[in-house]
Amino acid sequence: PAMPLPPPLPKGGMGEWERGEAGEGGRKNGRMRMVYTGAFSRSHPRRSPAALFDALREMTDGPELILAGALTEAERRMAADLIGRGVVRTAGQVSREEALAHQRGADLLILVDHPRPVRASNVPSKFYEYAATGRPMLALVPDGATRDLLTALRAGCAGDPGAPEDIRRAVAAFAEEWRRTGDLRS
């Protein structure tokens with residue numbers, strides 16, 4: 001099923017949590033800026049950006065995705081056509097401060113976890129780092145604690161990490177809202 005967008009984040013972002021400074025997001029180049037910081041399969045062998053990349057391939061007028069972190073050769077090959085088209089930009093391995101700056105400058109943060117055969121009971125630490133920015137998230141995570149917390153905080157929407165069509169629809173909905181309002185946090 002399609003991933004519905006949650007209600008907008010409150011104007012104050014995540015309340016008492018320290019919010020990052022507002023960045024320009026994609027306003028400079030007229031495209032919604034999505035950001036993923038960290039590693040995919042280098043962090044967990046079953047974590048893959050394949051469905052996300054497949055979803056972006058289907059979008060003709062879509063956002064840009066900035067990957068701030070080390071990619072494996074296989075992941076780089078998987079993204080080669082998207083990099084060539086300017087849909088994906090790679091920042092490579094960056095310092096923690098640079099990663100946080102990328103997060104603060106995002107319109108939409110992408111969280112990717114690996115599929116699991118059982119309900120996930122943990123929340124990745126990256127979730128909390130992302131939530132502290134006040135930016136919305138598209139969390140490509142299995143059913144479980146991360147989805148529950150995302151919903152409770154009204155911090156974005158969640159979907160199956162292996163479902164490219166659902167991911168494409170969610171990204172398209174976020175992009176439409178971004179084009180309409182200019183800020184996914186309002």
Side-chain angles (χ1 to χ4, degrees), residues 2-3 5 20 22-44 47-95 98-114 124 126-127 129-131 133-141 146 150 155-179 181-185:
M3 294 177 273
L5 289 177
E24 290 188 47
R27 285 285 146 210
K28 275 188 171 179
N29 67 5
R31 294 168 67 194
M32 182 179 76
R33 178 177 296 159
M34 301 185 305
V35 171
Y36 176 87
T37 59
F40 293 107
S41 64
R42 286 181 192 255
S43 294
H44 190 285
R47 182 179 300 141
S48 172
L52 175 61
F53 291 165
D54 287 346
L56 294 176
R57 279 188 189 92
E58 300 301 315
M59 300 183 76
T60 55
D61 183 26
E64 67 178 343
L65 171 63
I66 297 170
L67 302 175
L71 296 176
T72 65
E73 274 308 309
E75 291 163 351
R76 189 169 287 287
R77 282 191 305 274
M78 197 184 306
D81 64 312
L82 295 168
I83 293 168
R85 290 178 25 214
V87 174
V88 169
R89 290 190 310 143
T90 58
Q93 187 77 31
V94 298
S95 70
E98 289 172 297
L100 294 173
H102 279 292
Q103 291 171 16
R104 289 188 304 268
D107 296 304
L108 179 65
L109 293 164
I110 305 295
L111 181 67
V112 179
D113 203 357
H114 62 282
K126 185 178 303 302
F127 177 92
E129 194 173 275
Y130 279 6
T133 69
R135 302 285 191 263
M137 284 179 254
L138 173 55
L140 307 177
V141 298
T146 303
L150 183 78
C157 70
D160 182 341
E165 184 54 30
D166 288 350
I167 296 167
R168 187 201 61 74
R169 281 195 296 268
V171 169
F174 274 115
E176 179 57 35
E177 179 68 12
W178 180 84
R179 281 191 288 278
T181 66
D183 186 357
L184 295 175
R185 296 172 297 152

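Heads up: numbering here begins at 1 and tracks the sequence. These figures come from a predicted structure and were not determined experimentally.
Going from atom CD of E165 over to atom CG of D54 covers 11.0 Å, rounded to the nearest 0.5 Å. Between atom CE of residue M32 and atom CZ of residue R179 there is a gap of 8.0 Å, rounded to the nearest 0.5 Å. Between the CD atom of E177 and the CG atom of D107 there is a distance of 11.5 Å, given to the nearest 0.5 Å. In this structure, the separation between CD1 on I110 and CZ on F174 is 8.0 Å, given to the nearest 0.5 Å. The structure places OG1 of T37 at 12.0 Å from CD of E98, a figure rounded to the nearest 0.5 Å. Here the OG1-CG distance, from T146 to L140, works out to 11.5 Å after rounding to the nearest 0.5 Å.
Residues K126 and L109 have side chains not in contact (no heavy-atom distance under 4.5 Å, counting atoms from C-beta outward). The shortest side-chain heavy-atom distance between L65 and F53 falls under the 4.5 Å cut-off. A 4.5 Å side-chain heavy-atom check between R57 and L82 finds at least one atom pair inside the cut-off.
Residue V112 comes nearest to Y36 through the heavy atom pair N-CE1, 3.8 Å, listed as atom of the first residue, atom of the second, then distance. Nearest heavy atom pair, residue L184 against residue P136, reads CB-CG, 3.5 Å. Here the closest heavy-atom approach between residue A163 and residue A51 is recorded as N-CB, 4.0 Å. For the pair M137 and Y130, the tightest heavy-atom approach, listed with the atom from each and the gap, is SD-CB, 3.8 Å. The nearest pair of heavy atoms linking A68 to A91 is CA-CB, 4.0 Å.
Remark: the backbone N or O of P63 is paired with a side-chain donor or acceptor of R31 at under 3.5 angstrom. Side chain of T181 to backbone of D183: a donor-acceptor contact under 3.5 angstrom is found.
Among residues two or more places apart in sequence or in another chain, the side-chain hydrogen bond (donor to acceptor under 3.5 Å, both in side chains) test is passed with R89 by E64. Shown here are the side-chain hydrogen bond (donor to acceptor under 3.5 Å, both in side chains) partners of Q93, two or more places apart in sequence or in another chain: there are none. A search for ring pair (Phe, Tyr, Trp, His ring centres under 6.0 Å) contacts involving H102 returns nothing, not counting sequence neighbours.
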Go through M34 and L138 one step at a time and tell me if the side-chain contact (heavy atoms from CB on, under 4.5 Å) criterion holds. CA-CA 9 Å; M34 301 185 305; L138 173 55; 5.6 Å; no
Run the numbers on T133 and Q103 for side chain to side chain donor-acceptor pair (under 3.5 Å), then give the verdict. CA-CA 7 Å; T133 69; Q103 291 171 16; 5.8 Å; no
Intermediate values then yes/no, side-chain contact (heavy atoms from CB on, under 4.5 Å), V35 and R135: CA-CA 10 Å; V35 171; R135 302 285 191 263; over 6 Å; no
Derivation of the side-chain contact (heavy atoms from CB on, under 4.5 Å) call for L71 and F40: CA-CA 7 Å; L71 296 176; F40 293 107; 3.9 Å; yes
